[in-house]
2 protein chains.
Amino acid sequence: MTTAGPDRRKVRHEAKRAEILAQAWLLAHRDGLAAISLRDLADSVGLRQPSLYVYFESKLNLYDAMFADGYRQLLTFVAERSYGGDPRRALARFLGDLVQFSSDDIVRHQMLFQRTIPGFEPSAETFALALEFYEVARQMLAAAGVTDQRSIDIFSALANGLAHQQVANEPGGRRWVRLAGRVTEMFLADIDQRRRTSPARKGSRRL
Amino acid sequence: MTTAGPDRRKVRHEAKRAEILAQAWLLAHRDGLAAISLRDLADSVGLRQPSLYVYFESKLNLYDAMFADGYRQLLTFVAERSYGGDPRRALARFLGDLVQFSSDDIVRHQMLFQRTIPGFEPSAETFALALEFYEVARQMLAAAGVTDQRSIDIFSALANGLAHQQVANEPGGRRWVRLAGRVTEMFLADIDQRRRTSPARKGSRRL
DNA sequence: GTCTATATTCGGATAGAC
DNA sequence: GTCTATCCGAATATAGAC
């Protein structure tokens with residue numbers, strides 16, 4: 001099928017859309033996520049500003065595409081790694097990888113985990129990607145024997161806290177990435193400790 | 001001295017400045033921190049927009065004042081509480097209070113702990129207030145016997161992570177606030193554990 | 001699909017009278 | 001200190017020719 005006109009058109013359209021998206025990330029790094037200008041964006045892909053509307057129906061729609069793109073990157077990132085073997089070691093690697101993922105791209109971290117763009121809320125379809133990721137994380141925890149909500153809440157805080165400190169204080173570095181192993185040990189030791197003492201919960205005084 | 005003209009003028013000026021600042025926080029809640037408009041702000045304090053420049057020399061200067069105001073609130077908040085008695089329990093209360101402080105005002109949390117306003121960097125004088133707070137935190141940790149940098153890094157991640165999850169998922173609530181005690185226990189148990197096994201560090205395998 | 005031209009609104013900031 | 005008037009630039013978005 002060399003004369004598949006409509007197909008080629010669609011492929012071209014999607015390719016250009018992807019190019020625009022990639023440039024949007026670059027501009028976000030340069031100017032800040034909330035300060036992307038559609039003029040600059042159009043310039044960077046060799047278009048005039050109004051032509052962008054062929055690919056994105058509004059600026060918020062562009063942000064939505066970036067949000068979706070970021071979570072797809074995250075899902076691919078974790079899917080590429082295998083977390084087999086001992087579930088506890090796997091959890092430690094998983095945590096380190098997440099912090100590394102944030103450290104690798106501070107703007108992407110802002111987009112996915114901090115919601116600071118005035119007026120932007122991800123659409124339902126896009127948010128489904130986020131939920132997909134949290135399901136992966138839930139399964140990682142379940143494999144390590146962690147299923148209660150409070151422990152899940154703590155683990156999410158650990159992951160987000162390490163990632164945040166990394167991007168805020170040393171973007172691109174590994175200072176907090178390297179703490180993932182110790183933090184996972186600490187977390188699991190606490191789980192074990194509580195399992196031993198509960199439901200009686202004697203012997204350790206609550207702070 | 002009832003005729004202290006210059007004094008009265010200065011007091012009036014400072015009062016108006018404080019009023020503007022308070023309204024700026026309100027507007028930030030309504031429109032988003034990065035979306036404050038000086039016109040709206042002027043309206044809300046009964047002034048015309050150019051008159052704001054009598055009190056703040058630029059919009060970034062206004063943000064700087066908000067940043068300073070937020071850290072002063074935080075310093076007052078912790079100073080009002082006494083963290084006497086057992087240092088470990090004090091640390092647990094300190095952590096819970098910090099998460100509560102963030103939960104109480106999501107915009108203030110954004111301003112102090114996430115740096116997402118394009119182009120804004122706190123001035124040196126203002127940043128000194130932030131350092132003052134981190135010194136308080138450092139002393140709380142030192143009192144509980146925690147002085148090494150890696151442990152401090154972990155604690156900062158714990159605090160920020162709990163606060164972030166709280167404001168992101170349940171602003172105004174206490175779901176992560178309530179985890180502060182358990183998380184502090186977990187943290188200190190890890191410190192103790194490492195003290196027992198180091199420097200030999202035998203008996204526990206690293207994840 | 002891309003363009004030119006333009007609508008429309010809004011932003012922060014300044015000049016200068018009072 | 002506050003005002004009116006205005007500057008200047010930037011933003012997103014739309015209309016309509018090609």
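Sequence lines set the chain letters: A, B, ... in the order given, protein chains first and strands last, and positions in each chain run from 1. None of these values were measured; they are calculated from a predicted model.
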Output the rounded distance in Å from [atom1] ([X]) to [atom2] ([N]).
X	N	atom1	atom2	result
A:Leu62	D:dT12	CG	P	10 Å
A:Leu60	D:dT12	CG	P	10 Å
B:Lys59	D:dG9	NZ	P	19 Å
B:Ile117	C:dG12	CD1	C1'	15 Å
A:Leu38	C:dC10	CG	P	18 Å
B:Asn61	C:dG12	CG	P	14 Å
B:Arg9	D:dT2	CZ	P	12 Å
A:Arg8	C:dG1	CZ	C1'	18 Å

Can a donor-acceptor pair be found, under 3.5 Å and without considering hydrogens, that links the side chain of [X] to the backbone of [Y]?
X	Y	value
B:Glu185	A:Leu207	yes
A:Gln73	A:Phe77	no
A:Ser103	A:Val99	no

Exercise. Contacts to DNA chain C from residues 23-35 of chain A, heavy-atom cutoff under 4.0 Å, which residues?
Worked result: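 The answer is none.
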For this session: Could you check which residues of residues 47-56 of chain A get a heavy atom under 4.0 Å from DNA chain D? Sort them by number, please.
Result: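 Going residue by residue through residues 47-56 of chain A, the ones with a heavy atom under 4.0 Å of DNA chain D turn out to be A:Gln49, A:Pro50, A:Tyr53.
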Exercise. Considering residues at least two apart in sequence or located in another chain, which fulfil the side chain to side chain donor-acceptor pair (under 3.5 Å) criterion with B:Arg88?
Worked result: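 By the side chain to side chain donor-acceptor pair (under 3.5 Å) rule, B:Arg88 matches B:Asp192.
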Ignoring hydrogens and angles, write down the donor-acceptor pairs under 3.5 Å from the side chains of residues 16-40 of chain B, residues two or more places apart or on other chains.
unit_1, atom_1, unit_2, atom_2, d
B:Lys16, NZ, B:Glu19, OE1, 3.4
B:Lys16, NZ, B:Val45, O, 3.1
B:Arg17, NH1, B:Tyr55, O, 2.8
B:Trp25, NE1, B:Asp69, OD2, 2.9
B:His29, ND1, B:Trp25, O, 3.0
B:His29, NE2, B:Asp105, OD1, 2.8
B:Arg30, NH2, B:Asp40, OD2, 3.4
B:Ser37, OG, B:Arg39, N, 3.2
B:Ser37, OG, B:Asp40, N, 3.2

Exercise. Has the side chain of A:Arg39 got a donor or acceptor that lies under 3.5 Å from a partner of the other kind on the base of D:dA11?
Worked result: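 When only heavy-atom distances are counted, A:Arg39 does reach the base of D:dA11 through a donor-acceptor pair under 3.5 Å.
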Problem set entry | A:Glu135: side chain to side chain contact (heavy atoms under 4.5 Å, CB included) partners, not counting sequence neighbours |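 If we apply the side chain to side chain contact (heavy atoms under 4.5 Å, CB included) test to A:Glu135, skipping adjacent residues, the hits are A:Arg138, A:Gln139.
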Exercise. Which part of the nucleic acid, if any, lies within contact of A:Ile36, taking any heavy atom under 4.0 Å across all strands shown: a base, the sugar-phosphate backbone alone, or nothing?
Worked result: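 Since only primed, P, OP1 and OP2 atoms lie under 4.0 Å of A:Ile36, the category is sugar-phosphate.
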Exercise. Mind checking whether A:Phe94 and A:Tyr83 have parallel, tilted or perpendicular rings, split at 30° and 60°?
Worked result: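 Rings of A:Phe94 and A:Tyr83: perpendicular, as their planes differ by over 60°.
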For this session: For the residue pair B:Phe67 and B:Phe127, categorise the inter-ring angle as parallel (less than 30°), tilted (30 to 60°) or perpendicular (more than 60°).
Result: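 Parallel.
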Exercise. With sequence neighbours left out, which residue pairs that include part of residues 147-157 of chain A fulfil the salt bridge (charged side-chain N to carboxylate O under 4.0 Å, His left out) condition?
Worked result: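 Every pair satisfying salt bridge (charged side-chain N to carboxylate O under 4.0 Å, His left out) with a residue in residues 147-157 of chain A: A:Asp153-B:Arg175.
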